[in-house]
Amino acid sequence: MKIVTVRAPSGHYEVKIGAGLLASLGAEIRACTAAKRCAVISGENVFPLYGEAALDSLRAAGLEAIPLVFPAGEETKCLLRYGELLRFLAENRFTRTDCVVALGGGVTGDLAGFAAATYQRGTGFVQVPTTLLAAVDSSVGGKTAVNLPEGKNQVGAFYQPRLVLCDTDTLTTLPERELRAGYAEVIKYAVLGDRVLFEALETETFELPAVIESCVRQKAEIIREDERDTGVRRLLNLGHTFGHAVESRSGYALLHGEAVAVGMAMICRAAVKKGLLSESDSEAVIALLAAFGLPTGTDDTADMLYDALLLDKKFSGGKLHLIVPRAIGRCEILPVTPPELRDWLEAGLHEQ
Ligand SMILES: NC(=O)c1ccc[n+]([C@@H]2O[C@H](COP(=O)([O-])OP(=O)(O)OC[C@H]3O[C@@H](n4cnc5c(N)ncnc54)[C@H](O)[C@@H]3O)[C@@H](O)[C@H]2O)c1
């Protein structure tokens, strides 16, 4: 088992990563909370696969465990489901010392986390990520949210879990496309700050638990410094600024990770044109994305993406923060004005 300790200003917790960990869920929750009861929140694809194992483990540890299963998909991250979850907790008389367990991907984690953050002003919360994206990204760091019809993640809270338990065996049932999309986030961490990881991915000499550990370790370091996304945490948006525009332009036909892959390829191409990144590093990033079966281009024009970006993004002080790779393993935050952003988009679209 690999363990990473997250030392966020609002709370410390461990991320445990390894095969077969679901069996110890109950004992782990007993060890880090005073909960007597657990609400196991899951999705319709995940619960039939891992729900019984989770409930069995909790009950074997002397905890009462009550499940609530939602439809799969991004639509579940909404106010209606959030309200249902709160009512479920209230009807079952959960208290602040009890625990909400999110068993699933980022959708389940974000929804359950936001309910945990707000039910009785905050109840115990444990993440059990079952997608690669959730394992390396969304389960760690305390961002929780639901969507509004007006936009994604518009209502949420920073709320750290008490524990993240990542059983890597659960990732074996993940659909191939979801797994590949998760690797886009892994490649993001490699480009951001881990050349060793980048080379391991290139040469296919890696094991998944170690890869997840590397990503989580990097995220933990960033969160220790900037929990609330006002400084270095912005680095985690590498590929996301352009990626969000590509994602919304696709009408969400692209998975988040796929759109991030396009966004990373675009920012690399643009950084080369601006003289900030070597052509060889850019080519290596784009080749790695392609090797993992991820898209690296779009048919959208700069104007289309610019319009989508203006709708989606807030310019603070008239500037938006672009994350620009300077070399594999080193990126920087570059504030840009709207006209500069338009120029970066244009530069990212076309081959050298
Ligand atoms: N909080 C954060 O910091 C953060 C960061 C990144 C993304 N997110 C959010 O995460 C969400 C995306 O998360 P995701 O990519 O995990 O998608 P997801 O939760 O929708 O899961 C993807 C699909 O895989 C299925 N699935 C999950 N685990 C499975 C398993 N082990 N076996 C078989 N099927 C399984 C799900 O039912 C779903 O159909 C988005 O809403 C995004 O906004 C949050």
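Values below: every heavy atom of this structure, side chains too, minus hydrogens, waters and symmetry copies. Read the numbers this way: they start at 1 and go in the same order the structure lists the ligands and their atoms.
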| query | With a 4.5 Å limit on heavy-atom distance, are the side chains of Arg81 and Leu85 in contact? | reply | no
| In this structure, which one of Lys77, Lys152, Lys143 forms a salt bridge (Lys or Arg N to Asp or Glu O under 4.0 Å) with Asp110? | Lys77
| Atoms of ligand 1 close to Tyr50 [distance to a heavy atom under 4.0 angstrom, numbered from 1] | 31 (N)
| atom 17 (O) of ligand 1: which protein heavy atom is closest, and how many Å away? | Gly106 N, 4.1 Å
| query | At under 4.0 Å between heavy atoms, which part of Asn153 makes contact with ligand 1: side chain, backbone, both or neither? | reply | side chain
| Per-atom contacts of ligand 1 with Gly105, taking only distances under 4.0 Å to non-hydrogen atoms | 16 (O), 19 (O)
| query | Quick check: does His256 get an N/O under 3.5 Å from an N/O on ligand 1? | reply | no
| message | Return the closest protein heavy atom for atom 9 (C) of ligand 1 as residue, atom name and distance. | response | Asp110 OD2, 3.4 Å
| Gly104 versus Ala134, closest heavy-atom pair with distance | O-CB, 4.2 Å
| If we only count heavy atoms from C-beta on, is the Leu305 to Arg249 side-chain gap below 4.5 Å? | yes
| Nearest heavy atoms of Pro335 and Glu340, plus distance in Å | O-OE1, 4.2 Å
| query | For Thr173 and ligand 1, does the shortest N/O to N/O distance drop below 3.5 Å? | reply | yes
| task | If you have a sec, work out which protein heavy atom is nearest atom 34 (N) of ligand 1 and how many Å separate them, to one decimal? | result | Pro175 CD, 3.7 Å
| message | What I want to know is whether Thr144 and ligand 1 share at least one N or O pair that is separated by under 3.5 angstrom. | response | no
| remark: In this structure, atom 7 (C) of ligand 1 is nearest to the protein heavy atom Leu133 CD2, 3.6 Å
| If you measure only the distance, is there a donor-acceptor pair under 3.5 Å linking the side chains of Asp98 and Thr95? | yes
| query | Is any N or O atom of Val107, backbone or side chain, closer than 3.5 Å to an N or O atom of ligand 1? | reply | yes
| remark: closest protein heavy atom to atom 5 (C) of ligand 1 is Ser138 CB, 3.5 Å
| field | Pair Tyr252-Glu74, side-chain donor/acceptor within less than 3.5 Å | value | no
| request: Tell me yes or no: between the side chains of Gln218 and Asp194, is some donor less than 3.5 Å from an acceptor? | output: no
| query | Any N/O of Thr108 closer than 3.5 Å to an N/O of ligand 1? | reply | no
| Shortest protein heavy-atom distance from atom 36 (C) of ligand 1, along with the residue and atom involved | Asn45 ND2, 3.9 Å
| The one among Lys77, His240, Lys143 that brings a heavy atom closest to atom 3 (O) of ligand 1 | Lys143
| said: How far is atom 41 (O) of ligand 1 from the closest protein heavy atom, and which atom is that? | reply: Glu74 OE1, 2.7 Å
| request: Measure up the Phe114 and Tyr82 rings against each other and bin them: parallel (under 30°), tilted (30 to 60°), perpendicular (over 60°). | output: parallel
| task | Pull out every atom of ligand 1 sitting under 4.0 Å from any heavy atom of Leu49, numbered as shown with elements. | result | 32 (N), 33 (C)
| Among all protein non-hydrogen atoms, which one is nearest to atom 26 (N) of ligand 1, and what is the separation to 0.1 Å? | Val46 CG2, 3.7 Å
| query | If you count the atoms of ligand 1 from 1 in the order shown, which ones are under 4.0 Å from a heavy atom of Lys152? | reply | 40 (C), 41 (O), 42 (C), 43 (O)
| query | Counting N and O atoms only, with roles assigned by atom type, does the side chain of Lys273 sit under 3.5 Å from a partner on the main chain of Ala347, one being a donor and the other an acceptor? | reply | yes
| Option nearest atom 27 (C) of ligand 1 (shortest heavy-atom distance, choices Leu111, Thr131, Asp229) | Thr131
| Going by the order shown, which atoms of ligand 1 are within less than 4.0 Å of some heavy atom of Thr170? | 30 (C), 31 (N)
| query | Under 3.5 Å between some N or O of ligand 1 and some N or O of Arg233? | reply | no
| query | Are Gly182 and ligand 1 in contact, using a heavy-atom cut-off of under 4.0 Å? | reply | no
| field | Test item, Leu171 contacting ligand 1 (heavy atom, 4.0 angstrom) | value | no
| said: Membership question, hydrophobic clusters at under 4.5 Å side-chain separation (ILVMFWY): are Trp344 and Val191 in the same one? | reply: yes
| said: Any non-hydrogen side-chain atom of Val128 less than 4.5 Å from a side-chain atom of Thr108? | reply: no
| Closest heavy-atom contact between Ile323 and Cys331? | CG2-CB, 4.1 Å
| Looking at side-chain heavy atoms only, is the closest gap between Tyr159 and Ser10 below 4.5 Å? | no
